[in-house]
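Working notes for the structure below.
All figures in this text were calculated on a predicted structure; none of them were measured in a lab.
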Amino acid sequence: QVQLVESGGGLVQPGGSLRISCVASGGTFEHYAMAWFRQAPGKKREVVGCISKGDSSTLYADSVKGRFKIFRDNAKSTVYLQMDSPKPDDTAVYFCAADSMGRCYRTAYYYTERYEWWGQGTTVTVSA
């Protein structure tokens, strides 16, 4: 029902900045919580952060807190991940995901099973 398409990945230098996007179609975007996950080679998929519907409150993994920020534009059915001061360990395929429950919960937002729809991912490489 819902299609998610990420874009904006590429090569960024440590200490630089990059913004990646996820555009949703086929659903009611403003009703969903939206999350970013990432998966590095040889590692399990892990949450980056989540943004709720309504008040757009956010939750972030400790590994990116203070460096990355999630925001959304409901008029464009788009969620963004702003990556500031990226590090080589941030290199991964980044995925967006949607949750029809609409709210991010501190004890549940990091479970991949919570999200009903996923994008195909965009690759971010952090290297000098």
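- Every pair passing disulfide (SG to SG under 2.5 Å) that includes a residue from residues 47-91 is listed here, sequence neighbours excluded: Cys50-Cys104.
- Ser56 and Arg72 get closest at one heavy-atom pair: OG-CD, 3.7 Å.
- Gln3 pairs by the side-chain hydrogen bond (donor to acceptor under 3.5 Å, both in side chains) definition with nothing, not counting sequence neighbours.
- In this structure, Val48 is a member of the same hydrophobic cluster as Val126, with clusters built from ILVMFWY side-chain heavy atoms closer than 4.5 Å.
- Residues forming a salt bridge (Lys or Arg N to Asp or Glu O under 4.0 Å) with Lys65 (at least two apart in sequence, or on another chain): Asp62.
- Residue Met83 is grouped with residue Val64 when hydrophobic side chains (ILVMFWY) are merged at heavy-atom distances under 4.5 angstrom, including chains of intermediate members.
- Within the model, atoms OG1 of Thr112 and CZ of Arg45 stand 7.5 Å from one another, a figure rounded to the nearest 0.5 Å.
- Side-chain contact check for Asp73 and Thr78: no donor-acceptor pair (N or O, by modelled atom type) lies under 3.5 Å.
- There is no path of hydrophobic side-chain contacts, each under 4.5 Å, that joins Val79 to Val47.
- Scanning all heavy atoms of the two residues, the minimum distance from Pro86 to Gly16 falls at CD-O, 2.8 Å.
- Under a hydrophobic clustering in which Ile, Leu, Val, Met, Phe, Trp and Tyr are joined whenever their side-chain heavy atoms come within less than 4.5 Å, directly or via other members, Leu59 and Tyr111 fall into the same cluster.
- Among pairs with a residue in residues 41-86, those fulfilling ring pair (Phe, Tyr, Trp, His ring centres under 6.0 Å) read Phe71-Tyr80, at least two apart in sequence or across chains.
- Side chain of Arg103 to main chain of Lys53: a donor-acceptor pair is present (N/O by atom type, distance under 3.5 Å, no hydrogens or angles).
- Between the side chain of Thr91 and the backbone N or O of Thr125 there is no donor-acceptor pair closer than 3.5 Å.
- A continuous path of Ile, Leu, Val, Met, Phe, Trp and Tyr side chains, each step under 4.5 Å between heavy atoms, connects Ile70 with Val124, placing both in one hydrophobic cluster.
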Check: Between Lys76 and Asn74, is a side chain to side chain contact (heavy atoms under 4.5 Å, CB included) present by the stated rule, with each step listed?
Finding: CA-CA 5 Å; Lys76 296 181 178 180; Asn74 288 336; over 6 Å; no
For residues 93-100, which side-chain donor-acceptor pairs fall under 3.5 Å, sequence neighbours excluded?
unit_1: Tyr94; atom_1: OH; unit_2: Arg38; atom_2: NH1; d: 3.0
unit_1: Tyr94; atom_1: OH; unit_2: Asp90; atom_2: O; d: 2.6
unit_1: Asp99; atom_1: OD1; unit_2: Met101; atom_2: N; d: 2.9
unit_1: Asp99; atom_1: OD2; unit_2: Arg114; atom_2: NE; d: 2.7
unit_1: Ser100; atom_1: OG; unit_2: Glu116; atom_2: OE1; d: 3.4
unit_1: Ser100; atom_1: OG; unit_2: Glu116; atom_2: OE2; d: 2.3

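- For the atom pair OG of Ser7 and CZ of Arg19, the computed distance is 12.0 Å after rounding to the nearest 0.5 Å.
- Checked by atom type and distance alone, the side chain of Gln13 never pairs as donor or acceptor with a backbone atom of Ser127 at under 3.5 Å.
- Contact record, Cys22 with Met34: SG-CE, 4.4 Å, taken as the closest heavy-atom pair.
- Residue pairs that meet the ring pair (Phe, Tyr, Trp, His ring centres under 6.0 Å) test with at least one member in residues 13-43, sequence neighbours left out, are Tyr32-Trp117, Phe37-Tyr115, Phe37-Trp118.
- Within 6.0 Å of atom CD in Gln120, 12 or fewer heavy atoms from other residues, nucleotides or ligands are found, so the atom counts as exposed in its surroundings.
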